[in-house]
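The analysis underlying the following values was restricted to heavy atoms, covering all of them including side chains, and did not include hydrogens, waters or symmetry mates.
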Amino acid sequence: MQTGGSTRAGARSGGGRLDGKVAVVTGAASGIGRASARRFSAEGARVVVADLDERAGKAVADEIGGLFVRADVTSREDVEKMYDTAIGTLGRLDVCFNNAGISPPQDDSILTTDLDTWRRVQEVNLTSVFLCCQAGIARMLEHGGGSIINTASFVALLGAATSQISYTASKGGVLSLSRELGVQFARRGIRVNALCPGPVNTPLLQELFAKDPERAARRLVHVPMGRFGEPEEIAAAAAFLASDDASFITASTFIVDGGIHAAYVTPLDGE
């Protein structure tokens, strides 16, 4: 990965770090998932694009020469079929990037969030990771190991007065689940890491915050780099964790957030 304040890590391909690997990316029709599918492919992987959105998912798969699988990641049957299709078509399973997630506007303060919204967010953001890890690990054990990357979030590490209570709780669960699995399967050839993006310039963030300049500014002031991340920057981190360059990294909380988790006071422009 490239480093530096103004460098975009997704600006270059990585030169084949994932050659020969088969990767399944959930939520791959847009945002971080789409950028990661593209990056994994550029790094040499054969990519399974998994999403509910058939039109957008097929477009991504066609673009990168990958395989599209329609999957509801809250369904055990769909998850099992997703991995079986990957192995049946491409012969193996090396990387699971469990990235699908939602953050509906109804998920707000604990005082206003209804139980149905709470349960739906938990199902998509946390139960799906459980199902994907359960099915993925079982198959990886049969194929000599692999790398599992679960999308958590910087919000699992911080408190926020502008709460999305179920989203935050679900991402905290992803952190703990990933840590546990990373330790449990470390000697069996499987690495499990939680990727924690900061606020990223995706359609989801744009819908929630960026359309309102005041809400966006309230968040940006806390980011030392002074901007939202780009999906390609998160994809670069995911590609690193997927690759053998990360062979001694497991059970980690891998933070890619522009420094927000470490900030007490952020710099003024020009400081």
Side-chain angles (χ1 to χ4, degrees), residues 22-40 45 47-61 64 66-86 93 95-105 107 117-137 139 147-156 164 166-175 177-178 181 192-197 200 202-208 231 234-235 237-239 241-242 254 256:
V22 172
V24 176
V25 182
T26 67
S30 64
I32 292 170
R34 178 173 60 193
S36 297
R38 289 169 170 166
R39 181 63 183 251
F40 285 10
V47 181
V48 175
V49 174
D51 207 286
L52 277 173
D53 187 334
E54 294 190 40
R55 183 189 61 80
K58 287 178 179 177
V60 174
I64 65 173
L67 172 68
F68 173 73
V69 176
R70 186 187 184 280
D72 175 355
V73 290
T74 69
S75 162
R76 183 186 300 277
E77 181 180 353
D78 276 17
V79 169
E80 298 272 353
K81 180 181 177 182
M82 175 179 73
Y83 290 131
D84 286 343
T85 299
L93 177 64
V95 178
C96 299
F97 185 19
N98 302 321
N99 169 72
I102 60 171
S103 182
D107 182 16
T117 297
W118 167 271
R119 287 173 171 160
R120 177 59 180 161
V121 173
Q122 295 298 316
E123 279 287 301
V124 176
N125 292 4
L126 180 55
T127 301
S128 74
V129 175
F130 165 81
L131 291 173
C132 288
C133 285
Q134 186 179 61
I137 288 172
R139 287 158 178 77
S147 173
I148 293 177
I149 306 148
N150 297 323
T151 299
S153 172
F154 78 105
V155 301
Q164 305 150 265
S166 189
Y167 182 88
T168 298
S170 71
K171 295 304 185 179
V174 171
L175 284 185
L177 181 149
S178 302
L181 296 178
V192 185
N193 292 289
L195 179 60
C196 293
V200 178
T202 63
L204 178 61
L205 180 136
Q206 291 165 10
E207 178 66 25
L208 290 172
I234 310 305
L241 290 173
F254 201 88
V256 187

Spatial distance of atom [atom1] ([X]) from atom [atom2] ([Y]) [nearest 0.5 Å]:
{"X": "E80", "Y": "T85", "atom1": "CD", "atom2": "OG1", "answer": "11.0 Å"}
{"X": "L93", "Y": "Y83", "atom1": "CG", "atom2": "OH", "answer": "6.5 Å"}
{"X": "E123", "Y": "W118", "atom1": "CD", "atom2": "CH2", "answer": "12.5 Å"}
{"X": "L67", "Y": "K58", "atom1": "CG", "atom2": "NZ", "answer": "11.0 Å"}
{"X": "Q134", "Y": "T127", "atom1": "CD", "atom2": "OG1", "answer": "11.0 Å"}
{"X": "R55", "Y": "D53", "atom1": "CZ", "atom2": "CG", "answer": "6.0 Å"}

**Item:** Partner of N150 by side-chain contact (heavy atoms from CB on, under 4.5 Å), out of V174, L175, N99
**Value:** V174
**Request:** Tell me, with the steps shown, if L177 and V129 meet side-chain contact (heavy atoms from CB on, under 4.5 Å).
**Result:** CA-CA 9 Å; L177 181 149; V129 175; 4.0 Å; yes
For [X] and [Y], which heavy atoms make the closest approach, and how far apart are they?
{"X": "Y167", "Y": "I102", "result": "CD1-O, 3.3 Å"}
{"X": "G27", "Y": "A100", "result": "N-CB, 3.8 Å"}
{"X": "L131", "Y": "V79", "result": "O-CG1, 3.7 Å"}
{"X": "A28", "Y": "D51", "result": "N-OD2, 3.2 Å"}
{"X": "F40", "Y": "A242", "result": "CZ-CB, 4.2 Å"}
{"X": "L181", "Y": "C133", "result": "CD1-CB, 3.7 Å"}

**Prompt:** Does D107 come within less than 4.0 Å of R120, counting only side-chain N to carboxylate O?
**Reply:** no
Side chains of [X] and [Y]: does their closest heavy-atom pair fall under 4.5 Å?
{"X": "R70", "Y": "L52", "answer": "yes"}
{"X": "T26", "Y": "M82", "answer": "yes"}
{"X": "N98", "Y": "I149", "answer": "no"}
{"X": "T151", "Y": "F97", "answer": "yes"}
{"X": "V121", "Y": "S103", "answer": "no"}
{"X": "P231", "Y": "V200", "answer": "yes"}
{"X": "I148", "Y": "I137", "answer": "yes"}
{"X": "I234", "Y": "L195", "answer": "yes"}

Is [X] reaching over with its side chain to a backbone N or O of [Y], donor-acceptor style, under 3.5 angstrom?
{"X": "S75", "Y": "D78", "answer": "yes"}
{"X": "Q122", "Y": "S166", "answer": "yes"}
{"X": "S147", "Y": "V192", "answer": "no"}

